[in-house]
Every structure is written in structure tokens, then in C-alpha cells.
Amino acid sequence: MKIDRRDFCKVVVAGAATALSGGVAEARPPKELPPGAVGILYDATLCIGCKACEVGCKEANDMPMDHTSCAEQAYGVSAVWDAPDDLNSRTMNKVKAYAQGTAEVKDRPHDGYSFIKRSCMHCVDPDCVSACPVSALTKDPVTGIVQYDPDACIGCRYCQLACPFNIPKFEFDKPFPKIVKCQMCAHIQAEGGIPACCDACPTGASLFGRVPDLLQEAHRRLAFKPGERQSYPIHNLDGGETRMAEVHGYHPKVYGETETGGTQYLMMAGVPLENLGMPALGSESRARLSETIQHGLYQGMMAPTLLLGGLVYAVYRNTAEDREDPPEAAAGKAQKAEEVRDE
Amino acid sequence: MSEVYRPVGGKLLTRQFYFLIVLSLIAAYFLGRRFIFGIGDVSNLSDGYPWGLWITYDVVTGTAIACGGYAMAVAVYVFNKGQFHPMVRAALLTSVFGYTLAGASIIVDVGRYWQLYNVFLPQHANLNSVMLEVALCVTLYTLVLWIEFSPAILEAMKANRALRMLRHILFFFIGVGILLPTMHQSSLGSLLIIAGHKVHPLWQSDIIPLLFLITAITMGYGMVVFESLYASVNLGRKLETDLLAKVAGVIPWLLITYLVLRIGDLVVTGDIAALAEPGRPQVLFALEMLLFGYAILSLLSRERRIHPTHLFWSALAVVLAGALYRFDAFLIAYNPGPGWHYFPAVGEMMITLGVISVEIMAYLFFVKKTPVLAAGH
Amino acid sequence: MREQAQSLVETDIGPHLSNQLEIHGVSRRSFLKFALSMTAAMGLPFGMMPEVLAALEQSQARPTVIWLHFQECTGCTESLLRATHPTVESLILDLISLDYSETLLAAAGHQAEQALADSIARNRGNFILVVEGSVPMRDGGIYCKVARKTPQEMLHEIAPQAAAVVAIGSCASWGGVQSAAPNPTEAVGIPVAFEREGITKSDGSPLPVITLPGCPASPYNLLSTVLYYLTLKRLPELDAKGRPLFAYGRLIHENCERRPHFDAGRFAEEFGDEGHRKGWCLYKLGCKGPETYANCPAIEFGDVGANTWPVGIGHPCFGCAEQGVGFHKALHDQADVKSVTPPAFFPQIFAEHPGGASLAGAAVAGAVGGGAAVYALNAGKKLKQAEAEAPAETDSESR
């Protein structure tokens, strides 16, 4: 296909203009923590794996039991208790175990073990919220809780693709499915309560509080020396309840402080968080990149409008003959003749 | 410039056609199960692989294959290559069905299909969502495609008045019909940007929209060539080798641009280092390069290009390369983490096969019964 | 009178334990039950029951036992003697020859000490030394003296001659209540005392010490240990702290009847609340079951029967048997949950999910791929034919 130089140059110029109009667009600024951001601090060194949080979660959110359990597969026991093997459409909160080598001592990476409680991270700049085409997932402007509205959702599952933590779950086994994810017991918080997992936790491993306070608490704990006995708040950071416990020693990291632009669910543990299945993420959310690129291209629909104008003009000029009637009539006649012959 | 189009005629209910009907009926059975028992009943889709064969083939690859209409419109109307005009309508036909069925399979794939209209409600719109743009563009473009294609139907219906009116406004829809695919074919690639680390670094890229757009155009041209050759073999049409060779001539240059951009981006970001470690993604990458390379080499020389057999195989390579690129990016080199697996289930594949069958049946019906293919010239 | 004599002859105590059952008012049936439960308590297979029975019935070689009391409260002896099934429990005293026990000895003063010396001389290297109570290491042990001798002196004198040592109770095992901070007498258990004092068998080989911690030690664990020895003629398997694995191999937490409540997250928050009344887990009230190794949930404690052991009656476990827990941690402090490895019903970090290729799926995919390939090849062939048939036409067109 030969393209004459003039036309080619025109297209190149148009393309460059479009691209440049995107290039000058500034990167979207990172999202800030909402003013009343609440969150959960999960401290794996305090977690005893009792799963009280799982039970509390299911009760508070009226979730059914899940029998697709590892125990069932391993021992052939069936439908005895609620023991899902992962987060799924019936489980929004799950305690998992990491074990290495002989797994003798808790909270050490070698020959040790650790628990990890997985649920929605309530990102400061959530990818799922950016991805959702119909605003079914929204971030509360005050509390920062990432909430789900089934009445808006179309079930496209783009949120599942977008979430770096694989958190949103979908009811693949239902004819009228929903997305299922932790909403930090927003309905209980609305009545002045705290999330069921934090309420149920006997050791303070799941601690509810305002995010800046939780971060401060996390850094206070990082300064503890292994073997010390320290006071740990339980249930609610502002609730005043505490317990004494021996410090097991921390991996020097508060996961979620910077990851993907920060999360409101913070984690700390005695072993590296990577071992506990938390992905190593940069400090910038993918949503920010995606929105920067997309809005760069479509800034105010300027580039597409310009392009459309150019295209319509080009097409108009190049279809001048088509709009003339005679050829059409001729074509019609020819066709008629054809049909007559057919008959 | 104006062509005379004629129905090909001939028997519609051939043996192949009955085979396609059987395939569609099997798909209908699985479709019934999907709507009664849920998506999980017929598919292997999971929380780790929320998008499987349906999205990757029916939507992402299917619409790219259906870019023939778009690609030909760019050539004819933007670059004023009137000589290709006879091929536009045939190309449009595949586009119409490709997009219509992509839209239809969205209803199958989407979990809460009865709320799909929320996409069009402004109060629900999330302008940050790449998905929203894709959804709106694909829907709009499907409508535009039917308008662009409607002369063929109107001619068959002999609705001359409507036809005459349409001719005067068609230019606008053609313009829109070029803009929309430019937007959403690139955005289909942008969909993956937010998936971040789940997409293998050899495919994850900031310029993925451009890469998807270029390959979509090449797949469109490839499909036009492939289809024309198919029609000449199976519908007893004359070979249009010369014209096809000209159309195919643009493909290698587009592909070279694509490869330069893609590999250049990998080098600039340093992700090219991922090639050093052996693994399945690296093999797939090599396979893609092989297909692209074969297509470029065999289409670059005019001597080879005018041979229908060469043209056939290289057009197939172009389409396959683009399809593999999409499958890799969305599915095969997509890794949500350890423990997750995906291979399409039988029901899933049967539904996709059914969609393809319906597409081919509709193509055959329209080609044989309506004036789509240009009369010999 | 004659009749009486007759009956006395009839009930004359034979050499075997089985002959004595009637005199103790023990029916054959309850004796069998006892033997069976002891077999289970020792962790022996059910098939070992006849051997245990034989050991109980036939044993003639009654091992000589010398029972020493150091810093303690005699609670362990009392719990042994005052078990609620005295007829059965007292049998144990018939299984052994208790030559010296400060609590039970009829003799006193020099007479008693003479009996001790005689017994040691008679059974050199063959007797079992049972020690109750801790050893005060401070000031040479002057805080505890029997017959003017400190525990150290007594151990140096007696222990090397013993075949084995049983440290009964937490005091003898690891120091017990006397070792609680500030531990004014620097009380230690027998294993540590032996180590610090360098006490071995007289021939220099290490002296085996079986520890049976508990406050008091469960009498059944002593019975089981002795029976084990009589049945199998060897000492039971011990853990690193000298505890018989059959009794101390598992955490209280592992066999606790309230464990399902722990797993389900149902905790009593305070004494008398709804959860407490419903019998929920006592972890939050400071139960030390999750860090204490003992068989209390299996055989219960205190021997009152009917689910009476501390946790059974609604009080958190105190951890009396566990060094560093009982008398060391505050009663209502939460326990550190110890388990060797995370239990198997915790999912791994990365759970395996279904969704891989099935045979049918692979077959369909293969068929589709194969079909498409065959079709494409066919089309290619046809095209070649068409090309061959009409080369002139193609050429003319291209011009």
C-alpha cells in the first residue's frame, strides 16, 4: 500500500499533536490519607492463631461457613467446621500460617513460624476504586474505608485484576453474584463500634485505631527489644485496655506505610513480610500511573475531539463521490438488473 | 470509486453450516448452565484469574481481529486509497459481527449483567476507569458499525430512500468509526497497566496502549487479507492478489514500528533483563517474536507478497502474532501469585467456539444473501 | 473361732498382687478396668493390656523405694495417699517396697535413719530414689535439714547408690514454688542439683532422673511410671526435661475439652459472664494450658471425677507443672501459645486453588487447535491449487 508523503506527514503531525497534548499533562498527584482515616494494625508477633477474628468477622457480616478446607482435603473430614483455605467469596478475613524448616519458634524466619491475617488493605490510593467503571467500589472521603455497592456493580471483575493484593472475591458459584470484600465493619463503626476482628482478638494482634496513631504505635513497637515485657493496647488503640506481653522481636518494617501509596491496614511481623505472601510493592499506586496515562491521552477529551474533527473532515473530502446520486442510481439499476436475471 | 456489490448466492445450509449449528447448540447448552448455576459452573475462572478465555479471546482478541473495518477505513478514507474501496464492505462485515459478538459475550462474562446499563448512567460513571472508556467506546462503535454497514442491508431491502439519506451523513459516522477504535483498541492495552506486577515485565509497559493499537491495526489488515483469500477458496471468488498484496504491504512497516517501540521500551525500562532467566514467559516472548519476524520478512518483499500462498500464511502469522501477544499479556504471562491456575474449562471453550460459529454463520449468511462482496471488477 | 481362723487362712495374702485384691475389696472387674486405664495412660497400645495386667498381678520383684522429702509441702505424698480410689491406689504401695519415707515410716529418729542405711546397704544399685521437694543451693543448703543433713549431703550419700531417681512434683522437678522470685533459698530441682553437685552413679555413669512435675504431681503419673517399669522392664521415654512423654508429651491446650471454643474464638471475658457460664475458652482469663505440658485434660486432676480439673470447673489452668509458668507468671496473664508447628488446619501462605487444565479441557483445546491447523493447511493447499490454475490471471491483474 503506497501512502503519499503529504498524507503521511499530516497524520504524523496529528499523531504527534495528540501525543504531545498527553505528554504535557502532569502526573496525577498522589492521594492523601483522608482526615478521619481509620485502620487496623496487625501485629503477627502477638497473633496466636486462635482465629477468633475469623469467627467474629463471619458473625458480624452474616457470612456463611466455608467447607472448602485444607483439613478436609488432608484428612477427608467434611463439613465439620469453617475452615477455608484462603480468602474467598465466603471469607473476608483469613489467618494463614507460614512455617519454615522445623518451625520450632514463632516469629523467626528460619526454623520458625508466623501467622498472617489477610483482609482488605484499604489502600490510601486504591487500584480497585480507580478500576471500577461504575463506582461500585468507593473510598469513603472521611474514614477512607473502601466500600462496595452491589447495586452499582456490573460484575466485570476488573477490581480483582487491579488489586495488587488479590482481595476482592467474586461469587463464581452463584447465578446472581456479588463482589465480596472486607469493609472494615463499616456498619458496626457507624454505630460507634469497632471492627469485629479487632473486637474479637484476645491479644491485641488486630488493633483498631486512627491510621496516624496506629503508625505511631507501630513505630513504638519497632523500638522494643526482644525479650522485654511491654504493654500492648488491645481491641481499640483509644480504648485504654492493655495487656503485658513479651516482645518477640520485629522485622524492621511496617507494611502498608508506603506500599502502593500507603494502606490503612498496617502489618508488622517477626519475619519479613515477603515470606508471609505480601508482595513487594513500590510507593506509588498503579492507579496513579494508569490514571496519569489515561487522563494524559484524554485530557478533557481535547485530543479525541480534535482527532474526530480531522477525521470527519478527511472522510468528508474523500467520500465526495459517494454522496453524489448518479453512481448510486447506477448501482441500484445494476443491482435491479442482476436480480431480474436471477429471477 | 463507487462499487457494485452483489450477493454471492449459493446454498446456505451446507455440511459445514450444519456443523456450525451443532457447535452453537452445544454452546447454548453451556450458556444455559452459566445463567442458571453461575459462571463457576461452566468456567475455570477464579478469584486469581478473574478474566479468562472469554475476555481474552471474545473481547480483546475478537475485537482486534474485527479491526478490518477500522483498518480499511483508515486506508480508504484517511489516506484516500480509493482502490481499496471494494474491500471495505467485506471488512466492515467481519467488524460488525466481531464487535456485536464481543458485546454479547460481555453479557455472558459479566457477573451482574442485569445491571450492565449502569455503565451508561452518568451518576455511576467513574472517569478514572479504563474499563468505562472501553465499555462505552465498544458499545458506541458497535452501533456505528451497524450504521456504516447498513447500506448493505438497505440495498438488500431496496430501501433506496433511506439509503440516499444515509449517504449524506455517512461520512460523519465513518469519522467516528475511525476515532472510536483508535481509542478503545489502545485502552484495551491500558486495562493492564493497573494490574501492575501481575503482568509479566516482558508485557507490562507504560506504552502498552500504543502497542495494542498498532497490533490491532495489523491484525485488521491481516484479517482482511486472510478473509479475502478464504472467500476466494471457499466461495469460489476470484483471487484479488494484487490488491491484497498492496494492503499487506503496509503491515511489515507497522510491525517494525511496533517491535522497535516494544523492544525499545523494554531496553529503556531495563525489563529486557527478564529475558535472561529461562521460563515459560521467555519462550512465549520468543514465539511472538518468531511470528512477528516471519510476518515482517515474508511481507516485506513484493515477490513473496504477490503469491497467494505466501500471503495466506503471512496474514495468518500476523493475526496469530497479535492474538498471542494479547493472550500472553492477559492470560498466559499474567500471574496473580503462587497457587492460582487457569486453563479454560470445556464449557468455557464451547461457549467461545459457539460465538465463533455464530460469527461465521452470520458472515456466510450475509455474504451469500446480501450485497457485501464487490462484484468482479 | 475356728471359722475365723479358717477364713484367715483362706484370705492369706499370697505373694502376688492378684491374691490381695479381695482383701482390698477390689473386684476383678474393677481391677481389669484399672489395668486398662493405666495402659492407656501410659500411652501403650491396647494390646499391651495383658502385659500390664500380668505385671500388676504377677510381679514379685517389688522394687525398693526410698522416698526423701526436701523443701516441699508433702502435697505430692498426700495426693497419692488420699486419692479417691484408695483401694486401687494403695495397690501401688503393694507393688513397691517403701523402705524409707519420712511421712509414712512407723519408726522415728535414729531407728528410721538406721532403716534407711540398712535399705541402702541391702539394695545398693537397685533401689529407686523418689525425691519430693527442691534443693536449696544457697549457703550449702542449710535451709532444709533432715537428721542434721542438708539435701546436698543426703543426695551425695544416697543418690549414687540408686538405680534411678524420680523427682516427684514441680519442686523436685524444677524448683516449684520456692524457686519463685526472689527465690531466697536459691531452690532448684533435682536435675539441676545433680548437675551442680556433680552427682552421678557410683560408677560415674549418669544417673537417670525422671521428673513428674505438677503441684501436686498427679498420682497416676507416678503409678504409670512404676507400672511401665514393671511391665516393660525399662524406663519410659522421656523428653529433654526428663518428663515421661506418655504423660507430658502434649500441651494441656491440645487435649482440652474447651479447645473447640478457642478455635472458634469464643472466650470467657471475665468470671461469671455469659461465655464463662457457657463453658467457653478461658484463654483470656489467663489460662496457661497453651504453654503447659501435662495430661490433665485426659486423666483430670484432683481425682474427684466428673470432669473436675481446674479448667473443667471453670478456672484457668495455672501452669503448675511448667517451669517458668506456674508460680512465675501472674495468674491472669495471658499465656504464650506454644505449639511445635502451626497446626495443619492453618492454610499455607499460598493456598493451592483449582483451575488448571483438566483432561477434557486439554482434549477440547487440542481438538480445536488441531482442527484449525488442519483446516488452515487445507485452505493453504487449495490456495496453492488456485494459484497454479490461474497464474496468468494473477499476473495480468497485477499489471
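Residue numbers begin at 1 in each chain, while the letters A, B, ... track the order of the sequences.
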Rounded distance [0.5 Å steps], [atom1] in [X] versus [atom2] in [Y]:
| X | Y | atom1 | atom2 | result |
| --- | --- | --- | --- | --- |
| T260(A) | H197(B) | OG1 | NE2 | 9.5 Å |
| L132(B) | C156(A) | CG | SG | 10.0 Å |
| E133(B) | L297(A) | CD | CG | 8.5 Å |

With a 4.5 angstrom heavy-atom cut-off, is it the side chain or the backbone of [X] that approaches chain A, or both, or neither?
| X | value |
| --- | --- |
| Y113(B) | both |
| Y117(B) | neither |
| W340(B) | side chain |
| A135(B) | neither |
| F37(B) | backbone |
| I36(B) | backbone |
| S186(B) | side chain |

Would you confirm whether [X], through its side chain, and [Y], through its main-chain N or O, come within 3.5 Å as a donor-acceptor pair?
| X | Y | answer |
| --- | --- | --- |
| N126(B) | C132(A) | yes |
| N118(B) | A152(A) | yes |
| N166(A) | G337(B) | no |
| Q115(B) | D151(A) | yes |

Considering only heavy atoms and a distance below 4.5 Å, find which of [options] pairs most often with chain B.
| options | answer |
| --- | --- |
| I179(A), D173(A), I293(A) | I293(A) |
| P150(A), S285(A), A136(A) | P150(A) |
| A280(A), A314(A), S89(A), S135(A) | S135(A) |
| S130(A), G309(A), P133(A), G155(A) | P133(A) |

By ring-ring contact (aromatic ring centres under 6.0 Å, His included) - contacts of Y255(A) (at least two apart): none
Sort out for me which of [options] touches chain A most, counting heavy-atom pairs under 4.5 Å.
| options | answer |
| --- | --- |
| Y49(B), F172(B), Y334(B) | Y334(B) |
| I106(B), L45(B), L210(B) | L45(B) |
| V119(B), V130(B), L170(B), V176(B) | V130(B) |
| L116(B), V110(B), V199(B) | V110(B) |

[Y] side chain reached by [X] side chain, heavy atoms, under 4.5 Å:
| X | Y | value |
| --- | --- | --- |
| R112(B) | K178(A) | yes |
| L311(A) | Y77(B) | no |
| I39(B) | R157(A) | yes |

Closest heavy-atom contact between [X] and [Y]?
| X | Y | answer |
| --- | --- | --- |
| C163(A) | K198(B) | O-NZ, 2.6 Å |
| V315(A) | F171(B) | CG1-O, 3.5 Å |
| G111(B) | P177(A) | O-CD, 3.4 Å |
| N88(A) | D47(B) | CA-OD2, 4.2 Å |

Atom OH of Y313(A) with >12 non-hydrogen neighbours under 6.0 angstrom: no
E274(A) CD: over 12 foreign heavy atoms closer than 6.0 Å: yes
Ring geometry between F176(A) and W114(B) (parallel below 30°, tilted from 30 to 60°, perpendicular above 60°): perpendicular
Toward chain A: residues of residues 187-194 of chain B with heavy atoms under 4.5 Å: S187(B), S190(B), L191(B), L192(B), I193(B), I194(B)
Which bit of [X] is near chain B, if near means a heavy-atom gap under 4.5 Å: side chain, backbone, both or neither?
| X | value |
| --- | --- |
| D127(A) | both |
| K169(A) | both |
| I167(A) | neither |
| P279(A) | side chain |

Intermediate values then yes/no, side-chain contact (heavy atoms from CB on, under 4.5 Å), N128(B) and Q294(A): CA-CA 8 Å; N128(B) 292 329; Q294(A) 199 70 356; over 6 Å; no
